[in-house]
Amino acid sequence: MMAAAHEYRGGPARTPAELILGFLEARGIPVPEEARARVHACTDQSLLDRWTVRAVTVGSVDELFE
């Protein structure tokens with residue numbers, strides 16, 4: 001049986017923090033250790049969701065947290 005075109009069968013699922021940091025890094029935005037720790041420490045799902053969306057458009061880590 002063939003997988004649907006939209007189905008992802010890659011590696012393990014990423015945590016929201018890994019997605020946020022991955023987006024920023026892929027865009028060449030420097031992520032200081034304190035910002036990395038803040039993202040990893042966050043347990044508020046609605047805040048993580050906002051940061052995930054913002055991570056694809058912000059110009060700096062500071063903008064992520066505004």
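The figures here come from the full heavy-atom set of this structure, side chains too, leaving out hydrogens, waters and symmetry mates.
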Novice: Are any of the side-chain nitrogens in E66 or R50 under 4.0 Å away from the carboxylate oxygens of its partner?
Specialist: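 No, no charged N to carboxylate O under 4.0 Å.
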Novice: Go through the structure and list residues passing salt bridge (charged side-chain N to carboxylate O under 4.0 Å, His left out) with E18, not counting sequence neighbours.
Specialist: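 Partners of E18 under the salt bridge (charged side-chain N to carboxylate O under 4.0 Å, His left out) test: none.
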Novice: With a 4.5 Å cut-off on side-chain heavy-atom distances among I, L, V, M, F, W and Y, is there a chain of contacts connecting L47 to L19?
Specialist: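 Not linked; separate clusters.
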Novice: If I take atom CZ from residue R38 and atom CD from residue E34, how far apart are they, to the nearest 0.5 angstrom?
Specialist: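 Rounded to the nearest 0.5 Å, the CZ-CD separation comes to 9.5 Å.
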Novice: Within a radius of less than 6.0 Å around CD of Q45, do more than 12 heavy atoms belonging to other residues, nucleotides or ligands occur?
Specialist: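 Counting other residues, nucleotides and ligands, CD of Q45 exceeds 12 neighbours.
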Novice: Between W51 and V31, is there shared hydrophobic-cluster membership here, with clusters defined by ILVMFWY side-chain heavy atoms closer than 4.5 Å?
Specialist: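 Yes, because W51 and V31 connect within a single hydrophobic cluster, where side-chain heavy atoms sit under 4.5 Å apart.
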Novice: Once you round to the nearest 0.5 Å, how far does OG1 of T15 lie from CG of L48?
Specialist: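 One finds 8.5 Å between OG1 of T15 and CG of L48.
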Novice: Run the side chain to side chain contact (heavy atoms under 4.5 Å, CB included) check on F65 and V39 step by step: do they pass?
Specialist: CA-CA 10 Å; F65 300 128; V39 171; 3.9 Å; yes
Novice: Give the minimum heavy-atom separation between P16 and T52, together with the two atoms involved.
Specialist: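 In terms of heavy atoms, the two residues are closest at O-OG1, 4.4 Å.
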Novice: For L21, is there any backbone N or O sitting under 3.5 Å from a side-chain donor or acceptor partner on R36?
Specialist: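 Pair absent, no side-chain N/O of R36 close to backbone of L21.
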Novice: Examine distances only and state if a side-chain atom of R27 and a backbone atom of V58 form a donor-acceptor pair shorter than 3.5 Å.
Specialist: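 Yes; at least one donor-acceptor contact below 3.5 Å.
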Novice: Output, in order, the C-alpha distance, side-chain angles, deciding distance and verdict of side chain to side chain donor-acceptor pair (under 3.5 Å) for S46 and D44.
Specialist: CA-CA 6 Å; S46 65; D44 180 337; 2.8 Å; yes
Novice: Is it true that V61 and I20 fall in one hydrophobic cluster, defined by side-chain heavy atoms closer than 4.5 Å?
Specialist: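 Same cluster: V61 reaches I20 through Ile, Leu, Val, Met, Phe, Trp or Tyr contacts under 4.5 Å.
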